[in-house]
Amino acid sequence: MKCRAFLCAFLCLALLAGTAAAEALPAVDVGYYFDTVVTVTLYGPDDTLMADIWAACERYERMLSKTVPGSDVDRINTAAGATVEVSAETWEILREAKEISAASGGAFSVTVAPLTALWNFTAGEERIPADEERLAALPLVDDSRIELLEGCRVRLPEGMSIDLGGIAKGYIADEVASLVRGRCTAALLNFGGNVYCVGYKPGGAVFNIGIRDPQADSSAVAKYAVSITDTSAVTSGNYERFFIRDGVRYHHILDPKTGLPAWTDLAGVTVICERSMVADAAATACMVLGSEDALAFLQAMGLEGLLITGEGESITTPNFVTHWNLRGI
Ligand code: ADP
Ligand code: MG
């Protein structure tokens, strides 16, 4: 009897400990969307939150991917100059894309699609376009020519096309961050280079995010760390997607002025902003602008950023270090 009571008490304690441990341990799940690995870490989520997040990713992929037939982007790209009705979300992304494009002097341009199609940075299928085809595509890259009409309608001049690769993950990170608020105690959302942290970890800790060393061969090697919460850190780099031909490194962020990879002094850029979409587009723009213009652009936009040059030098906007406790590791 005594023994049984002891066993019972032991089991209860074990169960309680188990429950506490389960509560402290986050739910982690991985998916593949938008051509990238998506990792979702949720602390204390409700029963359906994880499934709702993947359903949202699925929906946005069907809406925003240029390679999904019938997506808003696909319909815009195949309309050959006709007006297309799109979702309010797509319309809104294009409105902001146009603004950031203008603010960056065209360094960020979603109309870069004719160029990305020529280079085709799909592993094993990359190619270097001939000068004639590259130069012929340049006049087609101009976000100011995207017409946004009432009633969520969009018109793109014939021959032009759009690619939301430099901004969509940020938009989706923002939407998923809104979805998780109030439905878990904290969340770490990682959409490729777009990280969004919501709330505080159990015990009240903020999230520590590593920023990769652009020179290192592996993404596991962090050069810096920042501590953030309720905001997004987005990194763009020339090491994400590239190929090397005859000793030359060709990467996937293209300069709309030349149609060539943006060969500037920058190897990686991290922008921190509550709006991941803005940080995403801005980080891509900075890679194209190069350090001097990127710094001026970030300051004009009121954004905080860390620029890492190909030489390994780091440059920040004035408040970056203190705001986010930037440290070299
Ligand atoms: P990633 O998506 O790899 O994290 P970025 O956010 O910098 O990196 O986006 C790069 C993608 O954006 C490219 O793969 C391409 O689809 C698109 N892109 C390339 N150059 C530009 C540019 N100058 N402006 C806007 N989008 C671009
Ligand atoms: Mg981007």
Side-chain angles (χ1 to χ4, degrees), residues 33-38 61 64-67 73 77 93-94 96-123 125-126 134 137-138 140-144 146 160-174 190-196 211-212 214 219 232-243 250-264 266-273 275-290 293-294 297-298 301 303 305 307-308:
Y33 292 94
F34 330 111
D35 232 3
T36 196
V37 176
V38 177
E61 177 129 70
L64 303 173
S65 169
K66 67 177 192 296
T67 55
V73 171
N77 288 349
I93 294 170
L94 290 174
E96 292 223 33
K98 276 169 68 81
E99 272 182 18
I100 298 172
S101 183
S104 66
F108 178 82
S109 296
V110 292
T111 51
V112 76
L115 288 170
T116 53
L118 286 179
W119 286 89
N120 188 15
F121 281 91
T122 311
E125 291 172 31
E126 307 96 338
R134 176 172 55 82
L138 293 184
L140 304 173
V141 184
D142 180 356
D143 283 14
S144 71
I146 304 172
M160 288 179 64
S161 51
I162 57 171
D163 173 345
L164 300 183
I167 191 169
K169 278 184 281 165
Y171 176 82
I172 295 152
D174 286 333
N190 190 345
F191 293 78
N194 289 56
V195 174
Y196 209 117
I211 297 171
R212 178 183 165 164
S219 60
S232 171
V234 180
T235 301
S236 269
N238 63 13
Y239 46 81
E240 289 293 343
R241 242 165 240 219
F242 65 91
F243 61 93
Y250 298 88
H251 67 86
H252 75 316
I253 300 172
L254 301 172
D255 183 341
K257 289 204 166 73
T258 62
L260 295 166
W263 287 311
T264 64
L266 292 175
V269 175
T270 299
V271 177
I272 298 185
C273 175
R275 300 194 56 220
S276 195
M277 171 164 77
V278 173
D280 193 357
T284 306
C286 287
M287 284 299 298
V288 175
L289 288 169
D293 290 345
F297 163 73
L298 289 175
M301 293 276 294
L303 290 169
L307 314 171
I308 304 178

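Order of listing sets the numbers, starting from 1, for every ligand and every atom in it.
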Check: Should the ring pair F121 and H252 be called parallel, tilted or perpendicular, given that the plane angle runs from 0 to 90° and is split at 30 and 60?
Finding: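 Perpendicular, since the angle between the ring planes exceeds 60°.
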Which ligand 1 atoms does [X] reach within 4.0 Å, using its non-hydrogen atoms?
| X | result |
| --- | --- |
| D163 | 15 (C), 16 (O) |
| F108 | 24 (N), 25 (C) |
| I253 | 7 (O), 19 (C), 20 (N) |
| V288 | 23 (N) |
| S236 | 5 (P), 6 (O), 7 (O), 8 (O) |

Do you know the tightest heavy-atom contact between [X] and [Y]?
| X | Y | answer |
| --- | --- | --- |
| R212 | I308 | O-CD1, 4.2 Å |
| P256 | L115 | CA-CD1, 4.4 Å |
| L138 | K257 | CD1-O, 3.5 Å |
| V234 | A283 | O-CB, 4.0 Å |
| G166 | F108 | O-CE1, 3.7 Å |
| F191 | I172 | CE2-CG2, 3.8 Å |

Next item on the list: Work out whether the distance between some heavy atom of G165 and some atom of ligand 1 is less than 4.0 Å.
Entry: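 Per 4.0 Å heavy-atom rule, G165 contacts ligand 1.
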Notebook entry, point to check: Can you find a non-hydrogen atom of S109 under 4.0 Å from ligand 1?
Noted result: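 Contact check S109 vs ligand 1: positive.
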Please check whether [X] reaches ligand 1 - meaning an N/O of the residue sits under 3.5 Å from an N/O of the ligand, judged on distance alone.
| X | answer |
| --- | --- |
| E240 | no |
| A107 | yes |
| D280 | yes |
| G166 | yes |
| T284 | yes |

Note to self: If we set the cut-off at 4.0 Å for heavy atoms, which region of P256 has an atom near ligand 1: side chain, backbone, both, or neither?
What the structure shows: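 For P256, the contact with ligand 1 is made by the side chain alone.
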Notebook entry, point to check: Between V112 and ligand 1, which part of the residue brings a heavy atom under 4.0 Å of the ligand: side chain, backbone, both or neither?
Noted result: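 Side chain only.
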Note to self: Heavy atoms only: which of R241, K169, K257, H252 lies closest to atom 10 (C) of ligand 1?
What the structure shows: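 Shortest heavy-atom distance from atom 10 (C) of ligand 1: H252.
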With a 3.5 Å distance limit and no angle check, can you tell me whether [X] reaches the backbone of [Y] through a side-chain donor-acceptor pair?
| X | Y | result |
| --- | --- | --- |
| S101 | K98 | no |
| R275 | D174 | no |
| D143 | V110 | yes |
| H251 | A262 | yes |

Notebook entry, point to check: the Mg ion (ligand 2): which protein N, O or S atoms are under 2.8 Å away?
Noted result: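 Listed by chain and number: G166 O, D280 O, D280 OD1, T284 OG1.
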Notebook entry, point to check: Checking side-chain contact (heavy atoms from CB on, under 4.5 Å) for the pair T264/V288: CA distance, chi angles, key distance, verdict?
Noted result: CA-CA 7 Å; T264 64; V288 175; 5.8 Å; no
Check: Looking just at side-chain N and O atoms, do S65 and T67 make a donor-acceptor pair shorter than 3.5 Å?
Finding: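 S65 vs T67: donor-acceptor pair found between side chains.
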Check: Between L94 and L164, is any pair of side-chain heavy atoms under 4.5 Å apart?
Finding: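 Yes, at least one pair of side-chain atoms sits under 4.5 Å.
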Check: Which protein non-hydrogen atom lies closest to atom 20 (N) of ligand 1, naming both residue and atom, and how far is it?
Finding: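 Looking only at protein heavy atoms, the one closest to atom 20 (N) of ligand 1 is L254 N, 3.0 Å.
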